[in-house]
Amino acid sequence: MQIDDTDRALLAQLAENARLPVATLARRLGLARSTAQARLDRLEQSGVIAGYALRLGAQARAPLRATALLQIEPRSAPTVLARLKSLPQVGRVHTTSGRFDLIVEVTARTTEELDETLDRIIEAKGVRSSESLIHLSTKLDRG
């Protein structure tokens with residue numbers, strides 16, 4: 001599907017506030033309300049817009065965040081991923097190139113919970129080595 005400048009502008013508005021009414025989006029983009037709605041429908045149906053989600057504020061998020069960088073044994077990805085999926089503190093897992101195979105995003109309410117979660121990750125069968133980075137402060141968050 002082709003995305004034009006108007007679609008990009010519409011997506012930019014939604015990225016800032018996905019709850020904007022269609023009438024407000026249309027007015028900001030200089031479109032008729034029906035045109036804005038038709039574009040939204042097309043972007044949703046084509047999968048460009050996969051959904052709308054809640055972004056929690058700092059007060060509702062777990063206060064501790066970390067990134068675990070994992071090296072795993074060859075052909076152990078399914079086993080390691082199954083272990084990571086079983087840990088509720090694991091929010092995202094990315095494959096990567098370079099020295100590490102997986103990037104694991106972890107959140108926790110306490111340092112003890114974070115420590116225990118990181119221990120459970122590195123104990124997983126197939127994890128060769130890991131390096132953990134504790135997030136201290138957020139300087140930029142584009143959601």
Side-chain angles (χ1 to χ4, degrees), residues 1-26 28-29 31 33-143:
M1 180 184 139
Q2 296 286 22
I3 298 174
D4 64 16
D5 288 342
T6 302
D7 291 333
R8 282 192 254 308
L10 179 60
L11 293 169
Q13 289 291 313
L14 289 172
E16 284 194 30
N17 183 358
R19 296 186 66 188
L20 285 174
V22 175
T24 302
L25 290 167
R28 288 183 179 180
L29 299 175
L31 301 173
R33 187 197 177 290
S34 59
T35 302
Q37 184 64 60
R39 283 180 176 264
L40 275 174
D41 292 344
R42 182 176 51 84
L43 291 167
E44 289 171 359
Q45 290 169 359
S46 68
V48 172
I49 296 175
Y52 302 88
L54 173 69
R55 281 184 18 196
L56 295 175
Q59 310 88 317
R61 290 192 300 251
L64 299 172
R65 292 169 294 130
T67 298
L69 306 171
L70 305 183
Q71 285 183 332
I72 62 174
E73 300 291 337
R75 295 176 295 284
S76 67
T79 302
V80 173
L81 285 171
R83 174 61 169 254
L84 295 172
K85 286 178 184 177
S86 77
L87 302 173
Q89 297 83 2
V90 172
R92 287 191 173 104
V93 178
H94 308 276
T95 57
T96 185
S97 62
R99 197 173 97 201
F100 295 99
D101 302 301
L102 299 175
I103 298 172
V104 182
E105 296 179 23
V106 180
T107 60
R109 297 254 166 234
T110 64
T111 54
E112 292 81 11
E113 181 183 26
L114 181 58
D115 189 37
E116 180 181 320
T117 301
L118 292 172
D119 284 346
R120 292 183 69 197
I121 289 170
I122 63 172
E123 291 168 353
K125 183 177 168 108
V127 173
R128 183 184 304 166
S129 68
S130 73
E131 184 175 326
S132 299
L133 307 166
I134 309 302
H135 301 202
L136 299 176
S137 66
T138 300
K139 302 298 184 185
L140 177 67
D141 182 0
R142 292 197 172 129

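Only this structure's heavy atoms are used, side chains among them; waters, hydrogens and symmetry mates stay out.
- Using a 4.0 Å cut-off between charged nitrogen and carboxylate oxygen, R128 and D101 do not count as a salt-bridge pair.
- With a 4.5 Å cut-off on side-chain heavy atoms, V127 and V80 count as touching.
- H94 is not listed as a side-chain neighbour of T67, based on a closest heavy-atom distance of 4.5 Å or more.
- Looking at T110, its side chain does come within 3.5 Å of a backbone N or O of E113 through a donor-acceptor pair.
- The two residues L84 and L70 have their closest heavy-atom pair at CD1-CD1, 4.4 Å.
- R120 contributes no side-chain N or O that, together with a main-chain N or O of R83, makes up a donor-acceptor pair within less than 3.5 Å.
- Among I134, L133, L114, the single residue meeting the side chain to side chain contact (heavy atoms under 4.5 Å, CB included) criterion with V106 is L114.
- The two residues S129 and Q71 make their nearest non-hydrogen contact at OG-OE1, 2.6 Å.
- The minimum heavy-atom distance between A9 and L29, with the atom names listed, is CB-CD2, 3.5 Å.
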**Message:** Could you go through L102 and T95, starting from their C-alpha distance and side-chain angles, then the distance that decides it, and tell me whether this counts as side-chain contact (heavy atoms from CB on, under 4.5 Å)?
**Reply:** CA-CA 5 Å; L102 299 175; T95 57; 3.8 Å; yes
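- In this structure, D7 and R39 approach most closely via the heavy-atom pair OD1-NH1, 2.7 Å.
- With contacts defined as side-chain heavy-atom distances shorter than 4.5 Å, the pair I103/R92 does not qualify.
- Put simply, the side chain of L10 does not reach to within 4.5 Å of the side chain of L31, judged on heavy atoms.
- Here the OG1-CD distance, from T79 to E73, works out to 11.0 Å after rounding to the nearest 0.5 Å.
- Nearest approach of S130 to I122, heavy atoms of both residues: OG-CG2, 2.8 Å.
- Within the 4.5 Å cutoff, side-chain heavy atoms of I49 are placed close to those of L11.
- Taking the side chain as every heavy atom from C-beta outward, L40 and L25 approach each other to under 4.5 Å.
- Side-chain contact between R65 and T138 is present, with heavy atoms from C-beta onward closer than 4.5 Å.
- More than 12 non-hydrogen atoms from other residues, nucleotides or ligands lie less than 6.0 angstrom from CZ of R8.
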**Request:** For side-chain contact (heavy atoms from CB on, under 4.5 Å), just list the numbers for M1 and R42, CA-CA rounded to whole Å, side-chain angles, deciding distance to a tenth of an Å, and then say yes or no.
**Result:** CA-CA 9 Å; M1 180 184 139; R42 182 176 51 84; 2.5 Å; yes
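- Nearest heavy-atom pair across A62 and A108 is CB-O, 3.4 Å.
- Salt-bridge formation is detected for the pair E131/R99: a Lys NZ or Arg NE/NH1/NH2 atom is positioned less than 4.0 Å from an Asp or Glu carboxylate oxygen.
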